[in-house]
Structures are given as structure tokens and as C-alpha cells.
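Quick notes on the structure that follows.
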Amino acid sequence: QVQLVESGGGLVQPGESLRLSCAFSGRIFTLFTRYTMGWHRQAPGKQRELVAGITSGGSTNYADSVKGRFTISRDNAKNTVTLQMNSLKPEDTAVYYCNAKGTTAWDRNDYWGQGTQVTVSS
């Protein structure tokens, strides 16, 4: 089984920055490099949406609303993925979830962390 643990959420003012981290762990032969990683967020009353994704090779994808402000990265040696969030806006307020998606025939499941709250308010 894959386990994901997020950290780094909190309360910040508009224009400030925040860095979210996600630690990936699994069974002995569960390889982090076999998973596409991503960050999703969900605000009250809204559907969960993809914020940013990254493949094991470093290809990235961002929601239009965060392009130029957020940066996703991964460290395949440490089994971690991060989301650097700059120039935060009130509309970024949401619970942010780390996601891992298997890319092999043996595991194509989606795994989710518990989520971490990000609140942007003055």
C-alpha cells in the first residue's frame, strides 16, 4: 500500500508564500518512480481540482489559475514531492491533497493523503 503524508499548510496573507510537502512510502518494492504525483485542492462546495502534476521524469502540468505562481517538484531519491506556492491569493484557499497514481499494469490506483488546509486571508 502507498501512504502519503502532507505537511506545510497554514494561514497566510495575500501575496505571501507557502511550501507544501508530501512524503511517499510503500511496501519494500513499491517504487516512487512508478507513480505520477500531483497536488489537488478542494474548496467548500466545489469539486476537487488538479493544481499541479509531475511525472517521474519531471514533466509538469498546472492549472491555469496557478501558472506562474506555483511550482511542483519531486525528489526521486527522497520520495518526496513539493508544491511551492508564491503570490498567494484568497481564491487559493482550500484543502490541498497529495496524490499518487500508479503507472504500471500492476498498480494503476490513485492514492491520497489526508490533506492540509491552506488559508489565504488578510
Side-chain angles (χ1 to χ4, degrees):
Q1 292 281 358
V2 170
Q3 296 179 187
L4 304 172
V5 180
E6 304 102 330
S7 62
L11 173 64
V12 297
Q13 296 184 8
E16 295 184 341
S17 298
L18 206 59
R19 178 179 176 271
L20 306 182
S21 297
C22 174
F24 174 106
S25 64
R27 294 178 64 86
I28 189 167
F29 290 116
T30 299
L31 302 178
F32 180 60
T33 54
R34 302 289 179 87
Y35 294 84
T36 294
M37 303 298 298
W39 287 95
H40 296 66
R41 67 187 181 187
Q42 186 169 22
K46 299 190 67 176
Q47 296 292 316
R48 188 174 298 185
E49 65 175 346
L50 174 68
V51 176
I54 185 168
T55 68
S56 63
S59 296
T60 59
N61 177 253
Y62 297 92
D64 288 340
S65 60
V66 307
K67 287 181 179 177
R69 299 188 298 120
F70 290 11
T71 302
I72 188 171
S73 61
R74 65 190 292 163
D75 187 332
N76 288 336
K78 296 182 177 181
N79 292 5
T80 59
V81 60
T82 65
L83 184 68
Q84 179 65 46
M85 304 183 292
N86 298 326
S87 302
L88 283 163
K89 304 175 180 179
E91 50 262 46
D92 295 319
T93 296
V95 177
Y96 284 70
Y97 297 90
C98 182
N99 165 253
K101 183 175 178 61
T103 62
T104 72
W106 298 271
D107 188 359
R108 290 183 175 175
N109 296 311
D110 275 304
Y111 302 91
W112 299 90
Q114 288 292 111
T116 184
Q117 177 71 47
V118 172
T119 302
V120 185
S121 177
S122 59

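Applying side-chain contact (heavy atoms from CB on, under 4.5 Å) to W39 and the options T82, V81, N99, V66 leaves one that passes, V81.
Counting heavy atoms from C-beta on, the side chains of D92 and R41 come closer than 4.5 Å. V118 places a side-chain heavy atom less than 4.5 Å from the side chain of M85.
A donor-acceptor contact shorter than 3.5 Å links the side chain of E6 to the backbone of G115. Under a 3.5 Å cut-off, the side chain of Q42 and the backbone N or O of Q47 do not form any donor-acceptor pair. No donor-acceptor pair under 3.5 Å is formed between the side chain of D107 and the backbone N or O of T104.
The two atoms that bring T80 and F32 nearest to each other are O-CZ, 3.7 Å, heavy atoms only. Counting all heavy atoms, side chain and backbone alike, Y62 lies closest to I72 at OH-N, 2.9 Å.
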Counting only pairs under 3.5 Å, give me each side-chain donor-acceptor contact of residues 9-19, with atom names and distances, residues two or more places apart or in other chains.
from: E16; atom 1: OE1; to: Q13; atom 2: N; distance (Å): 3.0
from: S17; atom 1: OG; to: N86; atom 2: OD1; distance (Å): 2.9
from: R19; atom 1: NH1; to: S21; atom 2: OG; distance (Å): 3.1

Pairs of donor and acceptor atoms involving the side chains of residues 50-61, under 3.5 Å and at least two apart or interchain, shall be tabulated with distances.
from: T55; atom 1: OG1; to: G57; atom 2: N; distance (Å): 3.3
from: T55; atom 1: OG1; to: G58; atom 2: N; distance (Å): 3.4
from: T55; atom 1: OG1; to: S59; atom 2: N; distance (Å): 3.2
from: S56; atom 1: OG; to: T33; atom 2: O; distance (Å): 3.3

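Residue L4 holds its CG atom at 7.5 Å from OG of S25, rounded to the nearest 0.5 Å. With rounding to the nearest 0.5 angstrom, the CE atom of M37 is 6.5 Å from the CZ atom of F24.
For D64 and K67, the salt-bridge test passes: some basic side-chain N is under 4.0 Å from an acidic carboxylate O.
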T116 and V95: side-chain contact (heavy atoms from CB on, under 4.5 Å), yes or no, with the steps?
CA-CA 5 Å; T116 184; V95 177; over 6 Å; no
Start with the C-alpha gap between E91 and T93, add the side-chain angles, then the distance that decides, and say whether side-chain hydrogen bond (donor to acceptor under 3.5 Å, both in side chains) holds.
CA-CA 5 Å; E91 50 262 46; T93 296; over 6 Å; no
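Geometric assessment of R34 against the ring of F29 yields a negative cation-pi assignment under the 6.0 Å and 45° thresholds.
The ring pair (Phe, Tyr, Trp, His ring centres under 6.0 Å) pairs that include a residue from residues 76-118 are H40-W112, where partners are two or more places apart or lie in different chains.
By the neighbour-count criterion of 12 heavy atoms within 6.0 Å, atom CD of Q3 is sparsely surrounded, having that number or fewer from other residues, nucleotides or ligands.
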